[in-house]
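In what follows, a single structure is set out as structure tokens and then discussed.
For the numbers below, each heavy atom of this structure counts, side chains included, while hydrogens, waters and symmetry mates do not.
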Amino acid sequence: MRRDVFQAIADPVRRDIITLLAEQTLTVNSVAEKFDVSRPAISKHLKILEECEIIVINKQGRERFCQIQSKNLIPAFLWIEQYRSLWEEKLDSFENYLVKLQSKTKKNE
């Protein structure tokens with residue numbers, strides 16, 4: 001089964017792993033130590049990220065180093081970006097509503 005970037009970012013643990021690896025290259029063990037999840041579970045998440053080509057795992061001696069391939073997150077970014085203006089409009093509308101409510105509350109005090 002061919003996985004894609006959306007499957008990679010669908011899980012919150014994988015998103016957290018991506019965030020970690022965006023800051024620095026880490027060993028598999030270093031990644032696992034950052035989570036309250038079993039090492040086999042982290043290995044499975046790393047395997048999915050590798051299958052989605054979000055990370056590469058390079059073996060150096062006994063260690064396996066995980067490195068982000070951020071360019072492969074671009075499809076997800078572009079998809080999300082197209083909805084940005086819609087979200088901003090909704091948030092602006094909600095903010096305006098809250099301001100109106102707040103001013104009504106102050107008038108009634």
Are the side chain of [X] and the backbone of [Y] linked by a donor-acceptor contact shorter than 3.5 Å?
X      : Y     : answer
Arg14  : His45 : no
Gln7   : Asp4  : yes
Ser103 : Val99 : yes

Evaluate the criterion side-chain contact (heavy atoms from CB on, under 4.5 Å) for residue pair Glu95 and Asp92; output intermediate values, then yes/no.
-> CA-CA 5 Å; Glu95 181 181 17; Asp92 288 346; 4.2 Å; yes
Can you give me every donor-acceptor pair (side chain of residues 66-76, partner residue at least two apart or in another chain, under 3.5 Å) with its distance?
residue: Asn72; atom: ND2; partner: Glu53; partner atom: O; Å: 2.4

Give a yes or no on whether a salt bridge exists between Arg84 and Glu81, defined as a side-chain N under 4.0 angstrom from a carboxylate O.
-> yes
Please tabulate, for side-chain N and O atoms in residues 15-33, each donor-acceptor pair with protein atoms closer than 3.5 Å (sequence neighbours left out).
residue: Arg15; atom: NH1; partner: Ile9; partner atom: O; Å: 2.7
residue: Arg15; atom: NH1; partner: Ala10; partner atom: O; Å: 3.3
residue: Thr19; atom: OG1; partner: Arg15; partner atom: O; Å: 3.0
residue: Thr27; atom: OG1; partner: Ser30; partner atom: N; Å: 3.0
residue: Thr27; atom: OG1; partner: Ser30; partner atom: OG; Å: 2.8
residue: Asn29; atom: OD1; partner: Arg39; partner atom: NH1; Å: 2.9

Would you check, one step at a time, whether the test side-chain contact (heavy atoms from CB on, under 4.5 Å) holds for Val5 with Phe77?
-> CA-CA 10 Å; Val5 66; Phe77 171 78; over 6 Å; no
ILVMFWY cluster, Phe6 and Trp87 together (side-chain gap under 4.5 Å) =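 In one cluster with Phe6: Trp87, yes.
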When hydrophobic residues are tied together by side-chain contacts of less than 4.5 Å, even through go-betweens, does Ile42 share a cluster with Val56?
-> no
Under the side-chain contact (heavy atoms from CB on, under 4.5 Å) rule, collect the residues that match up with Arg62, sequence neighbours excluded.
->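 Checked Arg62 against side-chain contact (heavy atoms from CB on, under 4.5 Å); zero matches.
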From Ser93 atom OG to Leu98 atom CG, the distance as rounded to the nearest 0.5 Å | 9.5 Å
